[in-house]
Amino acid sequence: DAKTKQTRFVMDLNLNRMGAVQLDGLAKPKRIDLVVRTTRPVSDTMRQYMRQRYLSALDRALFSGELSFQDRADQFVKIRPRGQGRPFSA
């Protein structure tokens, strides 16, 4: 539905063990989809653990959503300051 309110958010993190991490989310009413981008692959075991924890937290809040992973630096979204072209480039 084109009238459904949605908010996209992007957070860049630098974690001690994982290095550069980008969280790219899309929030809609009662749904939050999240992409976790890293420069190094996340193990299948860790992906499964993170998905279970994420979906459990969403469920407790009566939300739904998906958690996906990308592990190449060229997949990171680049944020541009306002007034310098489009605000996002992917």
Side-chain angles (χ1 to χ4, degrees):
D1 178 298
K3 294 183 180 186
T4 301
K5 182 176 167 99
Q6 59 186 20
T7 301
R8 183 173 185 196
F9 59 92
V10 178
M11 292 184 278
D12 289 317
L13 309 168
N14 192 359
L15 305 178
N16 289 338
R17 292 186 181 177
M18 292 181 73
V21 176
Q22 186 175 73
L23 303 178
D24 184 352
L26 184 63
K28 299 178 183 181
K30 294 294 189 181
R31 182 177 182 88
I32 304 173
D33 295 317
L34 187 65
V35 178
V36 177
R37 294 189 183 96
T38 59
T39 56
R40 292 180 273 166
V42 176
S43 72
D44 289 339
T45 301
M46 182 55 73
R47 286 177 186 226
Q48 182 179 7
Y49 175 78
M50 290 172 69
R51 265 194 198 98
Q52 288 172 344
R53 300 292 297 211
Y54 183 72
L55 295 175
S56 176
L58 289 176
D59 188 53
R60 284 192 306 275
L62 303 176
F63 275 67
S64 65
E66 293 185 23
L67 179 64
S68 59
F69 297 86
Q70 296 178 345
D71 59 15
R72 292 191 347 242
D74 66 335
Q75 294 172 314
F76 278 51
V77 173
K78 293 165 187 58
I79 307 297
R80 296 182 187 163
R82 289 186 189 270
Q84 294 186 10
R86 296 177 57 208
F88 294 101
S89 83

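Reckoned from all heavy atoms, side chains included, excluding hydrogens, waters and symmetry mates.
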TODO: Drop me the distance from Gln70's CD to Arg72's CZ, to the nearest 0.5 angstrom.
DONE: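 Reported to 0.5 Å precision, the distance equals 8.0 Å.
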Open item on the list: Once rounded to the nearest 0.5 Å, what's the spacing between atom OG of Ser56 and atom CZ of Arg51?
Closed with: 15.0 Å
Within one Ile-Leu-Val-Met-Phe-Trp-Tyr cluster: [X] and [Y], side-chain cutoff 4.5 Å:
X     : Y     : value
Phe69 : Leu58 : yes
Val35 : Met18 : no
Met50 : Leu55 : yes

Taking [X] for its side chain and [Y] for its backbone only, find out whether a donor-acceptor pair lies under 3.5 Å.
X     : Y     : value
Arg8  : Asp24 : no
Ser43 : Met46 : yes
Arg37 : Leu23 : no
Gln22 : Val77 : yes

Taking the side chain as C-beta and beyond, is there a heavy-atom pair between [X] and [Y] under 4.5 Å?
X     : Y     : value
Tyr49 : Thr45 : no
Lys30 : Leu62 : yes
Val42 : Val36 : no

TODO: Evaluate the side-chain contact (heavy atoms from CB on, under 4.5 Å) criterion for residues Val21 and Asn14: first the C-alpha distance (whole Å), next the side-chain angles of each, then the deciding distance (0.1 Å), finally the verdict.
DONE: CA-CA 6 Å; Val21 176; Asn14 192 359; over 6 Å; no
For [X] versus [Y], what's the shortest heavy-atom pair and its separation?
X     : Y     : result
Ile32 : Tyr54 : O-OH, 2.7 Å
Leu34 : Phe9  : CD1-CE1, 4.1 Å
Lys5  : Pro29 : O-CD, 3.1 Å
Thr39 : Ala73 : CG2-CB, 4.1 Å

Task: Qualifying residues under side chain to side chain contact (heavy atoms under 4.5 Å, CB included), relative to Gln52, sequence neighbours excluded - done: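 Once residues adjacent in sequence are excluded, the partners of Gln52 under the side chain to side chain contact (heavy atoms under 4.5 Å, CB included) criterion are Gln48.
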TODO: Using the test salt bridge (Lys or Arg N to Asp or Glu O under 4.0 Å), find all partners of Asp33 that sit at least two apart in sequence or belong to another chain.
DONE: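 So Asp33 forms a salt bridge (Lys or Arg N to Asp or Glu O under 4.0 Å) with Arg31.
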Open item on the list: Applying side-chain contact (heavy atoms from CB on, under 4.5 Å) to Asp12 and Lys78, what does each step give before you reach the verdict?
Closed with: CA-CA 10 Å; Asp12 289 317; Lys78 293 165 187 58; over 6 Å; no
